[in-house]
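Bear in mind that the values here come from a model prediction, so they are computed numbers and not experimental data.
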Amino acid sequence: MHSGKILVAKQNGAYILKFQGDVRLTLCASLDHFLESMFSDPDFKTVLIDLTETEGIDSTSLGLLAKISVKMQQQFHLLPTILSINEDITRILLSMGFDKVFILIREYSSGNAPLLKEVPEILGSEEDVKNTVLNAHKTLMDLNEKNRATFSELVSSLENC
């Protein structure tokens, strides 16, 4: 597996987030920081999350994706879109209930995509990383009862640290 990175582009208020390789906890501080700036952009209209080149994704990254859906529904009453053609990644998304909180597209045809640039790396403190992990998993737990059962022990452990 290739180490992960997150690429972004913006065009006319529409954002594209492209996850490449193995997207893990190490990218979460950068992603969380970027999401805050994206949602505070007065031109923001929508977001497409492109997982076509994603080889692996951890639960913290999934929690941050869930955060995107929660914020878009709260602020704009819209569902964001995820593009996933990798059966393993799609299976993970479905197991987390993402088909209920995202528009999930499983087919891909290449076209004229805007130029993507890498999300700037943010090195969070240990406390920042812990809070990002905790909040991401709480967001996943709020999606459905299965996720609540899956992550409740981890969340309790993080809250008691």
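Expressed to the nearest 0.5 Å, how far CG of Leu17 lies from CD1 of Ile68 amounts to 5.0 Å. To the nearest 0.5 Å, the span separating CG on Asp41 from CD on Glu36 amounts to 13.0 Å. Rounded to the nearest 0.5 Å, atoms CG (Leu134) and OG1 (Thr60) are 10.0 Å apart. Within the model, atoms CD1 of Ile92 and CZ of Phe98 stand 10.0 Å from one another, a figure rounded to the nearest 0.5 Å. Here Thr81 contributes atom OG1 and Asp50 contributes atom CG; the two are 11.5 Å apart, rounded to the nearest 0.5 Å. Separating the CG atom in Asp22 from the OG atom in Ser61 is a distance of 8.5 Å, to the nearest 0.5 Å.
Side-chain atoms of Lys5 do not come within 3.5 Å of backbone N or O of Glu118 as any donor-acceptor pair. Using modelled atom types, no side-chain atom of Thr139 and backbone atom of Lys67 make a donor-acceptor pair closer than 3.5 Å. A donor-acceptor contact shorter than 3.5 Å links the side chain of Asn160 to the backbone of Ser156. Between the side chain of Ser69 and the backbone N or O of Ala66 there is no donor-acceptor pair closer than 3.5 Å. A donor-acceptor pair under 3.5 Å is formed between the side chain of Asp58 and the backbone N or O of Leu25.
Taking the side chain as every heavy atom from C-beta outward, Ser84 and Leu93 approach each other to under 4.5 Å. Taking the side chain as every heavy atom from C-beta outward, Met141 and Val155 approach each other to under 4.5 Å. In this structure, Lys10 and Asp43 have side chains that are in contact, with non-hydrogen atoms separated by less than 4.5 Å. The side-chain heavy atoms of Leu83 and Leu48, taken from C-beta on, include a pair separated by under 4.5 Å. Taking 4.5 Å as the limit, every side-chain heavy atom of Phe19 sits out of range of all side-chain heavy atoms of Leu7. Annotation: side chain of Met96 is not in contact with side chain of Ser59 (no heavy-atom distance under 4.5 Å). Looking at Leu27 and Glu121, their side chains never come closer than 4.5 Å, going by heavy atoms from C-beta outward. Using a 4.5 Å heavy-atom threshold, the side chains of Lys138 and Glu159 count as touching.
With sequence neighbours excluded, no residue forms a ring pair (Phe, Tyr, Trp, His ring centres under 6.0 Å) with His33.
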- Val101 vs Gln73, side-chain contact (heavy atoms from CB on, under 4.5 Å): CA-CA, chis, key distance, verdict: CA-CA 9 Å; Val101 295; Gln73 289 179 63; 3.9 Å; yes

- Verify side-chain contact (heavy atoms from CB on, under 4.5 Å) between Arg91 and Asp88, making sure each step is shown before the conclusion. CA-CA 5 Å; Arg91 191 175 311 111; Asp88 292 334; 2.9 Å; yes

- Would Val23 and Leu51 count as a side-chain contact (heavy atoms from CB on, under 4.5 Å) if you check the C-alpha gap in whole Å, the side-chain angles of each, and the deciding distance to 0.1 Å? CA-CA 10 Å; Val23 180; Leu51 303 180; over 6 Å; no

- Message: Could you walk me through whether Glu53 and Asn86 satisfy the side-chain contact (heavy atoms from CB on, under 4.5 Å) test, starting with their C-alpha distance in whole Å, then the side-chain angles of each, then the deciding distance to 0.1 Å, before giving a yes or no?
- Response: CA-CA 8 Å; Glu53 296 180 20; Asn86 178 326; over 6 Å; no

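Leu64 and Ile89 fall within a single hydrophobic cluster, where Ile, Leu, Val, Met, Phe, Trp and Tyr are joined by side-chain heavy atoms under 4.5 Å apart, directly or via other members. Phe39 and Leu78 fall within the same hydrophobic cluster, where Ile, Leu, Val, Met, Phe, Trp and Tyr residues are linked whenever their side-chain heavy atoms come under 4.5 Å apart, directly or through other members. Put simply, Leu79 and Ile105 are part of the same group of oily side chains (I, L, V, M, F, W, Y) that touch within less than 4.5 Å, one to the next. Residues Ile16 and Leu104 fall into different hydrophobic clusters, defined by Ile, Leu, Val, Met, Phe, Trp and Tyr side chains chained together at heavy-atom separations under 4.5 Å. Criterion: ILVMFWY side-chain heavy atoms under 4.5 Å apart, direct or through other members. Under it, Leu158 and Val129 are part of a common hydrophobic cluster.
Looking only at atom types and distance, the side chain of Ser157 has no donor-acceptor partner in the side chain of Glu153 under 3.5 Å away. Side-chain contact of Ser125 with Lys130: a donor-acceptor pair under 3.5 Å is absent, judged by distance alone. A donor and an acceptor atom, one from each side chain of Asn147 and Thr150, are nowhere located under 3.5 Å apart.
Within 6.0 Å of CD in Gln75 there are more than 12 heavy atoms belonging to other residues, nucleotides or ligands. Residue Arg106 places its CZ atom among 12 or fewer non-hydrogen atoms of other residues, nucleotides or ligands, all under 6.0 Å distant.
The two residues Leu140 and Gly63 have their closest heavy-atom pair at CG-CA, 3.6 Å.
Ring planes of Phe44 and Phe76: tilted class, angle from 30 to 60°.
Residue pairs meeting the ring pair (Phe, Tyr, Trp, His ring centres under 6.0 Å) criterion with at least one partner in residues 130-161, sequence neighbours excluded, are His137-Phe151.
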